[in-house]
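Start at 1 with the first residue, then count along the sequence. This structure is a prediction, so every number in the text was calculated from the model and none was measured.
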Amino acid sequence: MRKVFILFLTVFFMFAFYACGNDIKTDSKNTNDEQKLKSNSQENSIKEGRQKIGTLEFICNSERDSACNTENGYYYLTRDLTKLQDGNYGNHLMYMDFATCREIYLCSTAGCKHNSLDCPAVFSYDDFPIFTTKLFVYDNYLYILSRESSDESVSSSEGISQNIMGGDDEYIMSQRKPAVLYRANLDGTERKKVYTFDEGLTLEEFILKDENGIYVITKKLSIDKVDNMTYTTGSEHKVVFLDLQSFHAQEVCPISFDNHISWDVIGCYQDCLILSGIDYGRELSMEEKLDDDTYHSLYEDSFDIYAILDLKSGELNEFYRESNKNQHDVYVVGDTMYISFSENPIIEGINIESRERKTICTLEQNLIMNVIDDMLCCRDWNLSSDHTYYFVNMKTGEIMHSMLVNQYNGWDLEFRAETSSDMLVVYDYDATKNSDDSYEIHQYKYALISKEDLFMGKQNYRKIDMIEQG
């Protein structure tokens with residue numbers, strides 16, 4: 001496990017967020033406009049044909065940090081908090097310029113010390129939660145989505161949350177802030193609040209876009225207890241469209257259906273979402289879910305189901321299911337879902353529409369981790385034994401084995417951004433090894449590498465001149 005000493009800090013600030021107000025300054029005109037847009041968002045009734053849905057594309061997902069990129073550079077919010085001039089705390093918006101291979105604070109103000117909220121690169125932690133705030137670029141604007149965690153979790157009622165908040169779960173839920181969308185120029189200037197989502201709604205990690213605007217998944221969180229365990233669950237999952245011209249929000253369709261299956265979004269295809277869920281044959285009680293032995297037995301008898309959700313009609317159609325007795329992994333690319341098995345050295349492609357199934361290649365290291373262009377990025381199922389990547393051409397089945405690993409400790413390369421020709425990777429650490437073989441990472445070292453060199457394992461890094469932790 002990588003030890004970066006952030007677990008306690010994350011939990012502490014998560015609860016600190018509940019007690020802090022909104023200090024971001026906006027002029028009165030912007031505030032009035034934003035409130036007007038918020039009231040417009042209440043018109044969320046579903047009307048057939050009202051919203052034209054284009055070709056969907058993911059722009060944020062759960063595997064990314066608070067970061068995004070264009071062809072020209074990479075934006076990210078730092079994780080470490082900095083004490084500001086006024087005594088409060090914040091983090092910084094950084095930019096890695098791909099042309100010069102330099103990292104800068106996203107601020108062009110001469111002589112700025114980047115230690116106050118007047119600096120466009122400074123973000124107050126009160127308003128932009130660490131780890132959950134999302135960045136994306138749309139139509140030559142940088143958007144920052146301030147949101148709190150959407151995790152549905154289980155914890156002991158004797159844990160940290162109970163000690164800090166006194167166990168007042170209703171109070172905790174009531175203090176959650178609504179998600180807020182900000183827009184800025186690509187150089188970070190003119191940042192302003194443009195939309196506030198309804199109170200009581202939590203936004204999932206996923207953000208999709210088409211030529212009309214963005215799509216988010218909302219849900220309502222609630223807290224319950226079983227014996228000494230506290231658990232957070234979500235309900236009323238919905239797809240919501242937000243027009244980034246008028247900032248009018250519209251409910252598209254629900255992702256909650258009249259069955260015992262809870263669905264997750266794993267991909268998109270044309271104007272549809274690809275969902276996965278676990279079919280246990282019935283609704284499980286919370287006691288069954290919390291008992292490890294009982295749940296393990298029930299899980300082995302269950303099936304993973306994969307379905308396509310037509311956002312226009314709201315219809316859900318299953319196209320594949322697989323027994324959870326067989327450990328497997330899936331990745332959706334276009335009209336194909338790729339599937340691999342830990343005990344079967346093949347990768348197969350399943351056409352989402354026709355359900356036709358074909359073998360792509362035979363490969364022992366067939367755990368699918370990512371996709372770059374036409375390549376499936378695969379690893380060994382034992383992630384601790386082999387940290388190298390195996391790249392599988394989805395069209396030809398050709399396999400390329402790259403021996404490139406992290407230079408500090410031999411761990412796998414971390415992919416952070418992709419352009420048409422290059423990948424931005426973490427290729428090295430400035431770190432201290434601890435006595436338990438974990439690491440305290442002081443700085444992540446970034447570099448650009450061409451996709452061709454990455455696939456072939458050529459160590460032709462164009463290193464980024466870093467000034468922050470990364």
Side-chain angles (χ1 to χ4, degrees), residues 14 17-18 38 41-46 60-62 129 132 134 145-155 157 161 165 167-180 196-208 214-227 229-242 249-266 273-291 295 298-299 302-311 313-316 318:
M14 178 179 69
F17 294 151
Y18 298 145
K38 181 179 178 182
S41 74
Q42 309 304 322
E43 303 171 19
N44 276 346
S45 58
I46 302 174
C60 283
N61 59 47
S62 59
T132 59
K134 292 295 181 182
L145 177 62
S146 170
R147 52 178 287 279
E148 297 190 353
S149 173
S150 62
D151 289 349
E152 300 177 30
S153 59
V154 177
S155 63
S157 62
S161 63
M165 300 303 298
D168 191 342
D169 299 328
E170 291 185 5
Y171 175 80
I172 293 174
M173 297 306 294
S174 69
Q175 294 302 300
R176 289 179 64 92
K177 294 181 180 179
V180 180
T196 299
F197 288 85
D198 295 345
E199 293 183 6
L201 292 181
T202 299
L203 270 61
E204 292 276 9
E205 299 253 353
F206 302 102
I207 304 175
L208 301 98
I214 63 170
Y215 298 79
V216 297
I217 292 127
T218 67
K219 65 184 178 184
K220 293 183 178 181
L221 289 181
S222 60
I223 294 179
D224 273 312
K225 293 182 179 179
V226 173
D227 296 329
M229 303 300 291
T230 298
Y231 58 94
T232 306
T233 57
S235 61
E236 299 182 34
H237 296 68
K238 298 176 182 178
V239 180
V240 173
F241 169 77
L242 180 62
Q250 175 191 337
E251 182 184 318
V252 178
C253 72
I255 311 184
S256 300
F257 304 93
D258 293 330
N259 54 35
H260 50 268
I261 299 171
S262 178
W263 297 95
D264 293 314
V265 177
I266 62 169
L273 295 182
I274 309 303
L275 309 182
S276 71
I278 303 177
D279 185 1
Y280 298 96
R282 59 177 174 83
E283 185 75 34
L284 299 188
S285 68
M286 187 53 62
E287 289 83 355
E288 289 174 318
K289 293 178 182 178
L290 296 179
D291 185 288
Y295 180 76
L298 292 169
Y299 180 78
S302 70
F303 289 84
D304 274 348
I305 302 178
Y306 302 95
I308 184 166
L309 174 63
D310 188 325
L311 294 185
S313 66
E315 292 183 0
L316 184 71
E318 177 183 337

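For the atom pair CD of E205 and OG of S149, the computed distance is 7.5 Å after rounding to the nearest 0.5 Å. I308 contributes atom CD1, which lies 4.0 Å from atom CD1 of I274 (distance to the nearest 0.5 angstrom). To the nearest 0.5 angstrom, R147 atom CZ is 12.0 Å from T218 atom OG1.
The shortest distance between side-chain heavy atoms of H260 and D279 falls below 4.5 Å. In this structure, the side chains of L273 and L208 come closer than 4.5 Å at one or more pairs of heavy atoms. Looking only at side-chain heavy atoms (C-beta outward), K134 and I207 come within less than 4.5 Å of each other. Looking only at side-chain heavy atoms (C-beta outward), I278 and I261 stay at 4.5 Å or farther from each other. Considering only heavy atoms from C-beta on, I255 comes within 4.5 Å of L309 through its side chain. You'll find the side chain of L284 stays beyond 4.5 Å of the side chain of Y299, heavy atoms only.
Electrostatic pairing of E148 and K177 does not count as a salt bridge here, judged by no charged N lying under 4.0 Å from a carboxylate O.
Taking both residues in full, the closest heavy atoms of F257 and L275 are given as CE1-CD1, 4.4 Å, listed atom of the first, atom of the second, then distance. The two residues V216 and F197 make their nearest non-hydrogen contact at CG2-CE2, 4.0 Å. Closest of all the heavy-atom pairs between L311 and C253 is CD2-SG, 3.5 Å. Closest approach of L316 to A307, counting heavy atoms only: CD1-CB, 3.6 Å. Closest approach of S150 to K219, counting heavy atoms only: O-NZ, 2.8 Å.
Looking at residues two or more places apart in sequence or on another chain, you find a side chain to side chain contact (heavy atoms under 4.5 Å, CB included) between S235 and K220. Residues meeting the side chain to side chain donor-acceptor pair (under 3.5 Å) test with K289, sequence neighbours left out: none. Applying the side chain to side chain donor-acceptor pair (under 3.5 Å) rule to S302 yields the partners N324; only residues at least two apart in sequence or on another chain are considered. In this structure, the side chain to side chain contact (heavy atoms under 4.5 Å, CB included) partners of F303, at least two apart in sequence or on a different chain, are R321, S323. D310 is linked by a side chain to side chain donor-acceptor pair (under 3.5 Å) to nothing, counting only residues two or more places apart in sequence or in another chain. Scanning for side chain to side chain contact (heavy atoms under 4.5 Å, CB included) contacts around S276 gives D264, I266, Y306, with sequence neighbours left out. Residues passing the side chain to side chain contact (heavy atoms under 4.5 Å, CB included) test with E315 are S313, N317, sequence neighbours excluded.
Below 30°, between 30° and 60°, or above 60°: for F241 and Y215 the angle between ring planes is between 30° and 60°, a tilted geometry.
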